[in-house]
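Computed from a predicted model, the values in this text were never measured in an experiment. In what follows, chains are A, B, ... by sequence order, proteins preceding strands, each numbered from 1. FYI, side chains are in, hydrogens and waters are out, and symmetry mates aren't considered; it's all heavy atoms of this structure.
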Amino acid sequence: MATDTTTIYIYRGDASGGEERPYLVEISPGMVILDAIHYIQANDAPDLAVRWNCKAAHCGSCSAEINGHPRLLCKTRLDDYLATDTPVHVRPMKTFPIIRDLVTDVSWNYRMAKRIPPFHPAHPAPFTLDQRDVARIQEFRRCIECFLCQDICHVIRDHDAKDAYMGPRFMAKLAELEMHPMDTENRIPFVRNDAGLGWCNVTHCCSEVCPEGIEITGNAIIPLKERLADQFWDPVRRIFRRSSLTDVGQHEPKDS
Amino acid sequence: MAQSPSREKSQLKPKSETAWWLAPNLTLVVFSLFVLYSAWEVLTHNVGRYQNYLSPYFSPDVGLWLGVPFLPAVLVAWIPLGFRASCYYYRREYYRGFFRDPAACGIHDRSKRYQGETRAPLSWNNLHRFFLYLALVVVVFLWKDAVDGFWYQGHLEVGLGSLILLLDAILLSFYTFSCHAFRHLVGGNIDCFSCQSGGRSRYRWWRTISTLNQRHGLFAWTSMFMVWGTDLYIRLLLSGVIHDVKFF
Ligand code: SF4
Ligand code: SF4
Ligand code: FES
Ligand code: FES
């Protein structure tokens, strides 16, 4: 029986330059792009650099771009492309400096993470939390730090505004901390001045690429923009900030 | 909690990678036509009422209250137009369609000196909530107009125009109440629902509005076409091109 094969184009190179090279891959059922890359490493190019760990869309290591779209290599099925006769081109994430082949240096993200004002609870753990109060932030905790959202964000990708805007992953992190029922820190001035929320024009690409399906724009960024408006654009709310409409200062669940 | 798309649905499918230019160009053409039509309607007409039907561009009828005979729509149309112009969904659409920042995900931005919403005038979009407050008042009048649409010369009368005005009020209500700023107002600004009195009902409201909010884009488009269609219907009645279909 003849074995089905397909050609996959993979970027080979480093900071000094490179090019896409074609590789012939034997197709097997249920194959994901990472399988195809492993096939190429085993048969054709043992020096092909790729970062991966779990092969289960959990570790966030295998981020790359397939036909210009940020994706997890281990979550992208080859047959989706074969079904539409679309050639597969795999390249490293464009937004981050290349190390080699498909591996990029994402350390900027870790530097940003360190700058975020940490969780500051009203009193030390353990806490009794009401599910209604934490349901919203549990969505953000699904983040696997693959940085695909950072890769697609045009503010960082096209304008290299890494000094001005921390990017969607950290907007989700900031929203998670800000919305935490036990947290007492006001990070909104940081969100505005240091994290650069104003750079985001809510065009939604981060949400579209997130492999965890986190609605970053709608559930993190826009709520942060509204909180920022409360504090910086709304004179009425500024005056009544501590009125019954907000809950600043109250951190003890009353009922269950 | 505010649902997000399921993990399976996330990430663009390969098929959608090919026709990325379609959506921004459609937005560009449709929004341009809508703005041009609105400008023509508001800036060249003194009358927006046909019998018991009032065009949404002229509602509430501030011109009548103040006795302004010329271009009365100018007095009110800035509210719905400002509401839409500062709407988070419309922002996404016009930044993609008109500014091309970006036209579609992964397509290089057109602007060389992109500033996002950090500077005026785009930073004024942060005032969206004030347009919401005004739009909430307008919605009340749209419902009044919808009821008036069924009531002609002291008796109940149902015409095609009555049904159009009713659908207009329904879709504009969905659009207004699914607004992100409204979602924030009803409960998005609360971190601890269980810590406050009335927190439970605020939480229920917030959940309901969050569910509507997921369809905000759909309501944005359908309500826009509905306003357009409602006004056009009344304008054609006023100019005698068509006659209202009366059911009873
Ligand atoms: S919505 Fe904002 S953060 Fe997300 S990709 Fe667009 S500009 Fe970047
Ligand atoms: S938010 Fe989504 S896309 Fe961004 S790093 Fe987390 S999992 Fe990846
Ligand atoms: S290998 Fe872990 S996410 Fe792909
Ligand atoms: S009307 Fe669209 S976000 Fe408010």
Side-chain angles (χ1 to χ4, degrees), chain A residues 67-71 75 80-81 84 86 130 132-133 135-136 138-139 152 154-155 158-159 161 165 178-181 183 196 198-205 208-215 218-219 222-223 225-230 232-234 244-247 250-256, chain B residues 1-15 17-18 88-89 91-92 95-96 99 101-102 104-109 111 114-119 122-123 125-130 180-181 183-185 188-200 203 210 213-214 216:
Chain A
N67 297 354
H69 281 273
R71 292 180 192 285
K75 203 193 173 191
D80 279 345
Y81 295 86
T84 50
T86 311
D130 187 309
R132 283 171 299 181
D133 296 326
R136 186 170 35 168
Q138 282 172 336
E139 176 185 11
I152 198 69
H154 68 119
V155 181
D158 295 344
H159 305 288
Y165 183 46
E178 272 303 289
M179 292 173 186
H180 197 293
D183 184 67
W199 284 82
C200 164
N201 64 354
V202 294
T203 34
H204 211 256
C205 294
E208 285 182 30
V209 302
C210 176
E212 284 295 302
I214 301 171
E215 181 40 63
N219 289 343
I222 292 175
K225 286 204 178 225
E226 283 299 309
R227 285 171 182 232
L228 191 149
D230 280 346
F232 291 94
W233 289 86
D234 190 334
S244 60
L245 275 176
T246 59
D247 70 338
Q250 289 185 320
H251 294 278
E252 285 308 322
K254 278 185 186 146
D255 49 356
S256 55
Chain B
M1 91 176 231
Q3 291 85 0
S4 53
S6 78
R7 294 171 200 208
E8 288 318 306
K9 269 197 266 165
S10 63
Q11 287 203 302
L12 304 163
K13 283 281 173 213
K15 268 195 289 282
E17 293 174 351
T18 45
Y88 286 101
Y89 179 78
R91 274 142 81 178
R92 162 198 155 136
Y95 288 136
R96 286 187 180 207
F99 292 64
D101 284 339
C105 305
I107 305 300
H108 204 286
D109 277 14
S111 308
Y114 173 85
Q115 302 279 348
E117 296 187 328
T118 57
R119 304 271 160 89
L122 293 178
S123 61
N125 278 325
N126 285 309
L127 298 169
H128 178 58
R129 60 187 53 194
F130 295 105
H180 285 276
R183 183 188 182 209
H184 176 72
L185 186 73
N189 54 355
I190 295 178
D191 294 339
C192 187
F193 292 99
S194 63
C195 303
Q196 351 193 292
S197 49
R200 278 181 181 211
Y203 179 70
S210 296
N213 178 262
Q214 286 172 39
H216 189 57

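Atom CD in Glu215(A) sits 11.5 Å away from atom OG in Ser210(B) (nearest 0.5 Å). Separating the CG atom in Asn219(A) from the CD atom in Gln214(B) is a distance of 7.5 Å, to the nearest 0.5 Å. To the nearest 0.5 Å, atoms OG1 (Thr203(A)) and OH (Tyr95(B)) are separated by 9.0 Å. Note: Arg132(A) CZ to Phe193(B) CZ = 9.0 Å, rounded to the nearest 0.5 Å. Separation of atoms NE2 (His154(A)) and OG (Ser111(B)) is listed at 9.0 Å; rounding is to 0.5 Å. Between the CD atom of Gln115(B) and the CH2 atom of Trp199(A) there is a distance of 4.5 Å, given to the nearest 0.5 Å.
No donor-acceptor pair closer than 3.5 Å links the side chain of Arg183(B) to the backbone N or O of Pro223(A). At distances below 3.5 Å, not a single donor-acceptor pair connects side-chain atoms of Asp109(B) with backbone N or O atoms of Asp158(A).
Contact tally against chain A (heavy-atom pairs below 4.5 Å) for Ala104(B), Ser123(B), Gly116(B), Gly106(B): the top residue is Ser123(B). Chain A forms more heavy-atom pairs under 4.5 Å with one residue of Thr118(B), Asn213(B), Leu127(B) than with any other, namely Thr118(B). Ranked by heavy-atom pairs under 4.5 Å with chain A, the list Leu122(B), Asn125(B), Asp101(B) is led by Asp101(B).
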### Message
As a quick check of understanding, evaluate side-chain contact (heavy atoms from CB on, under 4.5 Å) for Asn126(B) and Phe232(A), giving each step before the final call.
### Response
CA-CA 9 Å; Asn126(B) 285 309; Phe232(A) 291 94; over 6 Å; no
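No side-chain donor from either of Arg96(B) and Asn201(A) sits under 3.5 Å from a side-chain acceptor of the other.
With a 4.5 angstrom heavy-atom cutoff, His108(B) touches chain A via backbone and side-chain atoms both. Neither the backbone nor the side chain of Tyr89(B) comes within less than 4.5 Å of any heavy atom in chain A. With a 4.5 Å cut-off on non-hydrogen atoms, His204(A) touches chain B through its backbone and its side chain both.
Asp230(A) places a side-chain heavy atom less than 4.5 Å from the side chain of His184(B). Residues Cys195(B) and Pro181(A) fail the side-chain proximity criterion, which asks for heavy atoms closer than 4.5 Å.
Of the charged side-chain nitrogens involved, at least one lies within less than 4.0 Å of a carboxylate oxygen, so that Asp191(B) and Arg227(A) count as a salt-bridged pair. A salt bridge links Arg129(B) to Glu226(A): at least one charged side-chain nitrogen sits closer than 4.0 Å to a carboxylate oxygen.
In terms of heavy-atom proximity, Trp233(A) sits nearest to Phe130(B) at O-CE1, 3.7 Å. For the residue pair Cys200(A) and Glu117(B), the shortest heavy atom distance occurs at O-OE1, 3.9 Å.
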